[in-house]
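Side chains included, hydrogens not; waters and symmetry mates left out as well; all remaining heavy atoms used.
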Amino acid sequence: MSQNQSANHLYLVDGSGYIFRAYHQLPPLTNQHGQPVGAVYGYTTMLWKLATELGNADGPTHLAVVLDKGSHTFRNDMYDLYKANRPPAPEDLVPQFPMIRDATRAFSLPCIEEDGFEADDIIATYTKAAVAQGWKVTIVSSDKDLMQLIQPGVDMYDTMKNERRGADYVMGKFGVRPEQLGDVLALMGDSVDNVPGVPGIGPKTAAKLITEYGSLEAALDAAPSMKKSKMQENLIAHADMARLSRKLVTLHDGMDLPEPLDHLTLKGIPPEPLQAFLSHHGFKSLLARLGAPAAAVAVAAAAAAISENTLPPAPRAEEDPPIDRSLYETVVTQDALDRWIAAARAEGVVAVDTETDMLDCVSCALVGVSLATGPSRACYIPVGHQGQDMFAERPEQLPRDLVLARLKPLLEDDSVLKVGQNLKYDITVLRRHGIEIAPYDDTIVMSFDLDAGQSLAGHGMDEAAKVHLGHTCISFKDVAGTGKKQISFAEVPLDKATEYSAEDADVTLRLWKLFKTRIANEGATRIYELVDRPLVAVIAKMEHEGIKVDREALSRLSAEFTAGIAALEAEIHALAGQPFAIGSTQQLGAILFDKLGYKGGRKGKSGAYSTDVTILEQLKAQGAEIAGKVLDWRQLSKLKSTYTDALQAQINKDSIRVHTSYSLSGAQTGRLSSTDPNLQNIPIRTEVGRQIRHAFVAEPGNLILAADYSQIELRLAAHMADVPALKQAFANGEDIHAATAQQLFGEVNRDTRARAKTINFAILYGISRWGLASRLEITADEAQDMIVRYYERFPGISIYINETIEKARERGYTETLFGRKTWFPRIRAPIQHERQGAERAAINAPIQGTSADIIKRAMARIGPALAAEGLDQVKMLLQVHDELVFELPETDVERASPIIRRVMETAAEPLVKLSVPLGVEIGTGPSWGAAH
DNA sequence: ACCCTCACG
DNA sequence: GACGTACGTGAGGGTA
């Protein structure tokens with residue numbers, strides 16, 4: 001290989017692939033002629049970037065832009081469904097295709113397209129030709145099919161991510177070498193291009209098979225002797241599809257070169273045509289870089305400045321001087337530490353924030369603590385920072401245990417208030433080091449109790465700082481980066497860590513001052529002090545406790561579901577007469593309504609077919625067997641992906657338990673919400689789903705105890721709307737839906753009770769005759785009659801509804817019995833359906849919110865009530881809105897049950913005296929499922 | 001990133 | 001006669 005040849009480097013730009021990606025990732029810009037040019041702009045900047053690499057060591061010496069031409073290729077002759085799922089290009093993208101050619105010409109670059117071949121094949125052909133000449137090749141694309149071409153001397157370049165990709169990348173993403181990728185892609189299939197693949201085989205299984213057997217053919221040959229499984233059956237049954245898929249994903253590299261290689265030489269880019277193109281479309285920033293006249297540069301700069309300053313400056317808290325990060329101190333000596341502790345004692349209030357090496361506070365390690373004692377008077381005490389790489393020296397800092405020993409008396413001192421933002425995190429971290437923070441305030445909870453529902457007020461710190469202090473915080477991303485390059489806080493240099501962490505404490509203290517005054521002035525003291533604040537430590541404890549989940553049981557279920565799913569899939573494909581992605585509502589809609597011709601029209605603004613349960617059930621009733629199968633498939637897929645599989649992954653390595661995270665500011669009404677994982681939506685309504693609940697188990701010798709409020713929202717509605725008939729029924733311990741049926745229909749049977757139940761819930765949610773009509777499958781007029789009759793029999797209800805809406809409109813918010821406010825900015829919206837939506841939510845909020853207040857009070861009281869009886873082995877693990885779940889020694893059940901029941905049933909008192917009794921049902925068993 | 005669907009109360 | 005089908009959530013998969 002001669003020097004001369006090896007210096008050549010051909011860049012092949014996948015123009016068609018790029019434009020689709022640019023279209024979706026960039027905002028829909030238009031030029032001054034009103035033409036959509038978002039994708040063109042993205043494409044132009046990409047070419048620009050490549051042009052600037054001209055002359056770099058690894059830059060292009062030769063370059064061609066490759067485009068798709070026409071839609072019919074030899075692959076369609078092989079498989080008529082190839083790319084059959086592709087929707088037509090979006091309307092505002094179509095006119096941009098010719099502009100792409102204009103842009104390419106403006107850069108004076110060769111553009112290659114060929115009938116009957118896709119861009120991928122042209123790229124493969126040129127790659128082969130260039131490699132044969134000993135050239136280097138870079139394919140500018142992020143298309144996974146093209147990754148098959150990666151080899152020594154050939155790499156790929158993703159300009160959007162600014163990433164060069166070689167064989168390592170393919171290995172990391174697909175688990176195989178590039179030359180094996182075609183086999184993997186064939187097994188996986190591709191729903192976008194409609195490459196069928198083998199059902200039930202995804203990237204993981206495909207990679208496993210190819211790694212194990214070496215090739216697709218070898219895997220197919222070996223299939224009959226593999227361990228019997230659904231996968232193995234599929235592999236045998238769909239071997240032909242796999243072979244067809246293999247051909248479809250194979251890149252065709254044998255075409256004649258439309259242009260010889262040496263015609264692709266880059267000779268430099270003449271500025272005139274480029275300048276004409278850029279100014280035609282008004283791409284000012286690029287024009288400026290091209291060296292356009294100074295005036296144009298000024299215009300571009302001015303335009304940028306305006307767009308960045310459209311938000312009015314937020315008001316700042318009066319009095320307090322603005323945030324000055326230069327005043328923050330990094331504490332590395334004992335004297336300095338003692339000085340800060342003394343300052344905190346002198347103030348009587350201190351903001352505290354802990355920094356850790358990861359977010360999971362069950363396993364994380366403490367990295368540092370920040371304190372704030374006044375405006376811009378804040379410090380950061382590092383205790384666990386490392387150097388930035390393994391060879392760097394660990395920065396000088398005080399020993400962790402010394403710092404904690406010094407801080408402990410302060411953090412536990414009754415006369416010093418500790419303030420934190422989302423304190424449950426810090427409480428957990430410090431508890432693991434033997435520190436029980438008390439007393440405390442939490443600014444996230446304060447913000448929520450003041451402004452729940454206010455669309456402008458986010459309760460997270462960065463947003464709150466912006467809204468209330470007019471200050472932009474340093475974001476975590478700024479100090480630690482994001483994605484793959486994200487570093488742990490322990491690796492952040494001390495000066496940056498101090499700026500970030502001390503600012504958090506500084507901001508927290510400023511917010512606290514503001515909120516403290518507002519809580520007193522705006523009547524939020526009761527809800528904050530008596531309901532939400534005490535809960536923070538209780539929630540911290542529950543999260544830390546976690547719940548044991550039987551991994552083997554889940555994995556057995558998962559395997560059962562997988563088998564069921566595969567069987568259903570085969571049946572569905574047979575009924576459809578073709579394979580398709582059942583999970584795709586689009587494809588499913590096309591099969592059901594276009595191909596099979598079932599009735600059940602379009603819905604929604606997107607114009608797409610709706611295929612939800614109600615529709616599928618209608619089809620099933622019409623006799624569409626496929627609809628029932630799809631419903632079953634959906635149920636199993638949901639259970640598998642959301643529960644059996646995801647839950648196993650959530651088991652903590654250290655505790656071997658699952659730790660959810662509760663948000664105290666998640667739900668507008670005051671309810672908690674649960675994330676990572678959500679343990680408030682574990683299945684129970686169907687028998688199949690309920691098996692998942694059985695995997696939530698107690699430790700040996702212990703039991704799970706579940707305590708549910710019975711019909712708490714209906715009871716509260718009866719009390720709040722003052723409905724004598726309902727209150728009487730609850731007082732008598734009657735079946736409330738049966739009692740309603742008696743009142744409405746004059747007789748109680750299964751049908752009338754079910755209807756009464758529907759109506760009872762409809763009332764809680766803000767009834768509309770259309771909604772009720774569709775639920776009960778009656779006409780809107782009949783539904784209207786039923787509502788009228790309900791109002792007649794239960795007269796308080798309509799008064800309650802009208803008064804609630806009226807008050808909400810007047811004051812902007814609703815209130816629970818405990819004074820929790822929920823704001824409804826949209827209740828005065830001029831658009832009717834927005835306003836009506838807000839009205840329905842406003843009807844429900846006081847009821848749902850009061851129920852939330854009551855269970856929160858119960859949660860705060862249960863721990864002390866049990867401890868008073870010496871029952872400190874009883875652990876509260878979960879809250880599911882009207883249910884509390886405990887784990888306790890079998891021997892404690894007898895004594896704990898009545899205490900739990902009493903605390904829950906009397907949780908409203910003495911603050912609120914209810915005119916209906918609250919009922920609690922308790923069950924126990926070895927698992928959560930068995931406790932119901 | 002957004003929609004759809006579906007799990008719970 | 002139109003609203004876009006009830007209140008409150010979070011997660012996963014598909015698609016643009």
Please give, in whole Å, the distance from B/dT5 P to A/I582 CD1?
15 Å
Taking only the P atom of each, what is the distance from B/dC4 to C/dT5 in whole angstrom?
9 Å
Quick one: which of C/dA11, C/dA2, B/dC6 gets closest to the side chain of A/Q832?
C/dA2
Checking all strands, does A/S851 fall into the base, sugar-phosphate, or nothing category for heavy-atom contacts under 4.0 angstrom?
nothing
Taking the side chain of A/H833 as heavy atoms from C-beta outward, which of C/dG13, C/dC3, B/dT5 is closest to it?
C/dC3
Would you say the ring centers of A/Y598 and A/F593 fall short of 6.0 Å from each other?
no
Using atom CZ of A/R715 as one end and atom C1' of B/dG9 as the other, report the distance to the nearest whole Å.
16 Å
Checking the side chain of A/R835 only, and the main-chain atoms of A/I827 only, is there a donor and an acceptor separated by less than 3.5 Å?
no
Measure from the side-chain N and O atoms of A/K595 to the backbone N and O of A/A576, and report whether any donor-acceptor pair falls under 3.5 Å.
yes
For the side chain of A/S584, counting heavy atoms from C-beta on, which of C/dG14, B/dC4, B/dG9 is nearest?
C/dG14
Considering every strand and a 4.0 Å limit on heavy-atom distances, what is the contact class for A/N678: base, sugar-phosphate, or nothing?
sugar-phosphate
Which is true for A/S774 with a 4.0 Å heavy-atom rule: it touches a base, it touches only sugar-phosphate, or it touches nothing?
nothing
A/T642 side chain: which of C/dA11, B/dC6, B/dC8 is closest?
C/dA11
Nearest to the A/K638 side chain among B/dC6, C/dA6, C/dA2, which nucleotide is it?
B/dC6
Side chain of A/L772 - closest among C/dA11, C/dG8, C/dA6:
C/dA6
What's the NZ-P distance between A/K640 and C/dG12, to the nearest Å?
13 Å
Reckon A/T822 touches a base, only the sugar-phosphate, or nothing at all at heavy-atom distances under 4.0 Å?
nothing
Distance in angstrom units between A/Q836 CD and C/dA6 P, rounded:
13 Å
What's A/L764 touching, base or sugar-phosphate or nothing? Going by heavy atoms closer than 4.0 Å.
nothing
Among B/dT5, B/dC6, C/dA2, which nucleotide has an atom closest to any side-chain atom of A/W770?
C/dA2
For a quick check of understanding: with a heavy-atom distance under 4.0 Å over all strands, which category does A/A646 fall into, base, sugar-phosphate or nothing?
sugar-phosphate
A/Q586 CD to B/dC3 P: how many Å, rounded?
14 Å
Residue pair A/Q635 / A/T686, side-chain donor-acceptor N/O under 3.5 Å:
yes
Write down the distance between CD (A/E713) and P (C/dA6), rounded to a whole number of angstrom.
16 Å
What integer distance in Å separates A/E617:CD from B/dT5:C1'?
13 Å
Could you tell me whether the phosphate oxygens of B/dT5, OP1 or OP2, come under 4.0 Å of any side-chain nitrogen or oxygen in A/T611?
yes
First encountered from the 5' end of DNA chain C, between A/T669 and A/P677:
A/T669
Hey, what's the ring geometry for A/F696 with A/W928, parallel, tilted or perpendicular (30° and 60° as the breaks)?
perpendicular
Side-chain contact check for A/R671: nearest option of C/dC3, B/dG9, C/dT9 is B/dG9
Determine the Euclidean distance between corresponding P atoms of B/dC8 and C/dG4; express it in Å to zero decimal places.
28 Å
Quick test of the criterion, 5.5 Å between centres and less than 30° between planes. Is A/Y765 stacked on C/dC7 or not?
yes
For the side chain of A/H573 and the backbone of A/F580, is there at least one donor-acceptor N/O pair under 3.5 Å apart?
yes
Option from A/D882, A/D449, A/D532 for which salt bridge (charged side-chain N to carboxylate O under 4.0 Å, His left out) with A/K856 holds
A/D532
Output the single nucleotide from B/dG9, C/dA11, C/dG8 whose closest atom is nearest the side chain of A/A667.
C/dG8
Side-chain donor/acceptor contact of A/R840 with base of C/dG8 under 3.5 Å:
no
Can you identify which nucleotide, out of C/dC7, C/dT9, C/dA11, has its nearest atom closest to the A/N844 side chain?
C/dC7
Under 4.0 Å: is that the gap between some side-chain N or O of A/Q848 and OP1 or OP2 of B/dG9?
no
Pairing nucleotide - C/dT15, Watson-Crick or G-U, each distance under 3.5 Å
B/dA1
Taking atom types as they are modelled, is there a donor-acceptor pair under 3.5 Å from the base of B/dA7 to the side chain of A/R685?
no
Determine the interplanar angle of the A/H459 and A/F448 rings, folded into 0 to 90°, and report it as parallel if under 30°, tilted if 30 to 60°, perpendicular if over 60°.
perpendicular
Partner nucleotide of C/dA2 by Watson-Crick or wobble geometry (both distances under 3.5 Å)
none
For a quick check of understanding: with a heavy-atom distance under 4.0 Å over all strands, which category does A/I843 fall into, base, sugar-phosphate or nothing?
nothing
What is the distance, to the nearest angstrom, from the OH atom on A/Y609 to the P atom on C/dG14?
21 Å
Would you mind classifying the nucleic acid contact of A/S768 as base, sugar-phosphate or nothing, using non-hydrogen atoms under 4.0 angstrom?
nothing
